[in-house]
Amino acid sequence: MLGPLRLLAAPLVLLFLAAAPGTAHAADTPAAPVAAAAETADDRVVRDEVILTLGTDGVLHAKEIITYDFGSGGDGFERAFSTRIHHDDERDRAFEVENLQVAQPYTAEAVEEDGSTLVKVKGPQASGPQTVTLDYDVVGSILPLPQGQELRWTAVGGWGVPVVEAAVTLDVDVMIRNVNCFAGALSSVIGCSEFTTKKQRRQAVYGQENMLPDEYLTVVAGLPPQTTSGQPSYIQRKTLAASFTVNAVTGGALGALLLLLLGGFGLLYFLRGRDKRADSGVQVPLSADGDGQAGFEPPDGVRPGQIGTLIDEQADVIDVTASIIDLAVRGYLLIEEEEGKSDWALRRLDRPVNDLHPYEQILYDGLFLMGERVKLSQLGGTFTVKLGQVRTALYEDVVKQGWFARRPDAVRSRWTVAGYAVAALATVGTVVLAILTNYALVGLALIAFGLALIFFGKHMPAKTGKGSTVLAHTLGFRDHLRRGEAVEVPDRQRIALFSRYLPYAVVFDVVEPWAKTVEDAGVQGGDNLYWYEGPAEWDLAKFADSMRAFTFALSGALAQSRPYVGK
């Protein structure tokens with residue numbers, strides 16, 4: 001399964017990346033650019049002081065005192081909190097800013113954007129430095145570690161203007177083990193200018209000066225185990241691998257698919273695709289040779305092309321080949337092997353055509369469209385339309401005989417078309433699911449379902465009880481031909497028996513063992529087979545090789561004429 005899945009994944013990668021550029025690394029890029037409609041070139045943050053208090057539930061309460069210099073005048077500003085950072089190859093760590101409040105006369109609005117929470121502060125028109133106080137809670141700052149807990153939060157940043165001075169104070173009820181901080185881009189590992197502990201290590205102090213626009217100050221503190229009950233929150237990163245993650249939904253879909261494949265298709269085959277039981281009251285026909293030996297005969301009145309279509313439920317080129325040989329054996333045409341040219345000619349004989357089935361009549365007329373004698377080398381490529389008509393007539397014939405309730409090719413086509421339709425729609429659905437969700441495996445499951453429809457569709461044509469009975473007779477007759485048992489039959493009778501059964505041997509692919517029955521017949525000359533004329537110095541000992549070469553050449557000529565027809 002890995003091969004198909006690998007083939008399928010290649011186009012999905014391209015489609016996914018085209019539809020969602022940059023998504024996989026959203027956490028490594030700065031938060032959304034800050035709109036600067038209310039910020040003039042001389043705006044700046046004179047001081048951004050954040051006082052953090054950690055609760056036992058892991059929620060970090062923040063009181064942020066912002067001294068914002070509006071310069072020549074303004075009525076508000078924007079500040080972006082980074083609420084999504086890279087954690088590992090598959091996940092981003094998420095934070096939530098909740099319960100936002102602002103001191104009068106200002107108002108504040110929080111807008112969630114990709115990887116950030118944008119806070120828009122509005123107030124009266126003012127100029128020069130103004131003080132704005134924000135209160136909010138931060139959820140998700142605590143990360144459990146093997147030997148304790150870590151607090152991490154990007155406390156200052158997301159400004160579209162310079163920050164002259166940033167100061168962060170963290171108060172906790174336990175002794176802080178260690179502190180650290182980083183300044184610059186979100187992914188920066190450069191330490192800030194100040195980080196230390198105070199008040200018997202129950203307070204951490206961080207500081208940074210002269211921060212440029214879109215720079216950040218991230219504070220870190222190591223705490224003892226079980227300081228809080230806080231837990232981190234993660235977001236599955238939108239990557240191709242994440243889209244195909246096994247989860248409750250995709251796992252359930254795959255399980256349902258397995259049940260459907262094992263149970264549903266088994267039920268469908270039992271109800272629609274299984275052959276009916278053969279009629280046990282019908283006996284296999286037997287014949288007696290001159291010495292009283294019993295041998296199998298083909299089912300009464302059943303022609304080679306019909307048997308070939310019955311066995312594999314397909315009207316193959318080999319079935320048409322066997323039908324042509326059968327027409328020769330029955331005296332409708334003569335097969336002439338040309339001297340040293342590896343070619344044969346078919347000559348139409350003057351005989352009333354009063355016992356031909358419709359497919360045989362179409363075949364017979366189609367062979368001699370160009371005249372009363374046609375060479376195999378001339379037949380290739382000129383038989384396309386007629387071959388299609390012969391195959392169609394064969395399918396209609398097996399239904400007329402009562403061996404199938406419906407044409408086998410039509411049954412296969414319905415299932416195949418349905419399978420391709422499901423697979424095509426599921427492929428589109430897989431791409432959409434891969435781009436938008438983590439449930440792309442559901443789409444793959446549906447693709448597998450469509451492919452299963454195509455596979456099982458080949459086995460859905462079902463024989464009727466009559467068809468199964470004829471098939472049982474046919475398989476017994478095939479075993480008889482495979483053994484090539486005609487040793488006790490006199491030479492003349494052996495040649496006649498051989499000729500009669502040869503077209504069936506072609507269908508069963510047992511020409512060589514059956515041809516051996518006449519190799520030692522003891523009669524020389526090509527005129528000893530009334531339906532086959534060999535070149536000079538040809539005798540029956542060479543017939544097995546001649547017939548094998550003729551069958552191959554005739555099948556090749558018909559195959560050149562065969563249009564692409566789905567089975």
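Atoms considered below: every heavy atom in the structure, side chains included; atoms not considered: hydrogens, waters and symmetry mates.
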How long is the gap from [atom1] on [X] to [atom2] on [Y], to the nearest 0.5 Å?
| X | Y | atom1 | atom2 | result |
| --- | --- | --- | --- | --- |
| Arg406 | Met460 | CZ | CE | 9.5 Å |
| Trp344 | Lys375 | CH2 | NZ | 13.0 Å |
| Thr309 | Arg407 | OG1 | CZ | 11.0 Å |
| Phe95 | Ile85 | CZ | CD1 | 4.0 Å |
| Ile324 | Ile335 | CD1 | CD1 | 8.5 Å |
| Ile362 | Leu394 | CD1 | CG | 9.0 Å |

Take atom [atom1] in [X]; do more than 12 heavy atoms of anything else shown fall under 6.0 Å from it?
| X | atom1 | value |
| --- | --- | --- |
| Asn354 | CG | yes |
| Tyr420 | OH | no |
| Asp509 | CG | no |
| Phe368 | CZ | yes |

Looking only at non-hydrogen atoms, find the nearest pair between [X] and [Y] and report the distance.
| X | Y | result |
| --- | --- | --- |
| Trp531 | Ser499 | NE1-OG, 2.9 Å |
| Met370 | Gln378 | CE-O, 3.9 Å |
| Lys463 | Ser468 | CB-OG, 3.9 Å |
| Ala426 | Leu446 | CB-CB, 3.5 Å |
| Leu433 | Gly443 | CD1-N, 3.9 Å |
| Thr430 | Ala440 | CG2-O, 3.9 Å |

With side chains defined as the heavy atoms from C-beta onward, is the minimum distance between [X] and [Y] less than 4.5 Å?
| X | Y | result |
| --- | --- | --- |
| Thr551 | Ile318 | yes |
| Val302 | Thr474 | no |
| Pro461 | Arg412 | yes |
| Lys466 | Trp403 | yes |
| Leu441 | Leu444 | yes |
| Glu360 | Asp326 | yes |
| Asp316 | Thr321 | no |
| Ile325 | Met547 | yes |

For side-chain contact (heavy atoms from CB on, under 4.5 Å), just list the numbers for Glu396 and Tyr359, CA-CA rounded to whole Å, side-chain angles, deciding distance to a tenth of an Å, and then say yes or no. CA-CA 9 Å; Glu396 293 174 348; Tyr359 78 91; over 6 Å; no

Derivation of the side-chain contact (heavy atoms from CB on, under 4.5 Å) call for Arg84 and Asp114: CA-CA 8 Å; Arg84 185 170 174 177; Asp114 186 23; 4.0 Å; yes

Could you tell me whether a side-chain N or O of Tyr530 sits under 3.5 Å from a main-chain N or O of Val329, the two making a donor and an acceptor? yes

State whether the side chain of Ser233 and the backbone N or O of Gly140 hold a donor-acceptor pair below 3.5 Å, judged by distance alone. no

According to side chain to side chain donor-acceptor pair (under 3.5 Å), who are the partners of [X], at least two apart in sequence or on a separate chain?
| X | answer |
| --- | --- |
| Ser323 | none |
| Glu372 | none |
| Glu336 | Arg347, Arg373 |

Val399 and Tyr395: CA distance, side-chain angles, deciding distance, side-chain contact (heavy atoms from CB on, under 4.5 Å) verdict: CA-CA 7 Å; Val399 175; Tyr395 284 126; over 6 Å; no

Note: [X]-[Y] ion pair, threshold 4.0 Å (strictly below):
| X | Y | answer |
| --- | --- | --- |
| Asp397 | Lys400 | no |
| Lys458 | Glu313 | no |
| Arg548 | Asp545 | yes |

Can you confirm whether or not the ring centre of Phe477 sits under 6.0 Å from the ring centre of Tyr501? yes

Let me see the working for Phe498 and Leu502 under side-chain contact (heavy atoms from CB on, under 4.5 Å), right down to the final yes or no. CA-CA 6 Å; Phe498 162 78; Leu502 180 62; 4.0 Å; yes

Hey, what's the ring geometry for Tyr234 with His87, parallel, tilted or perpendicular (30° and 60° as the breaks)? tilted

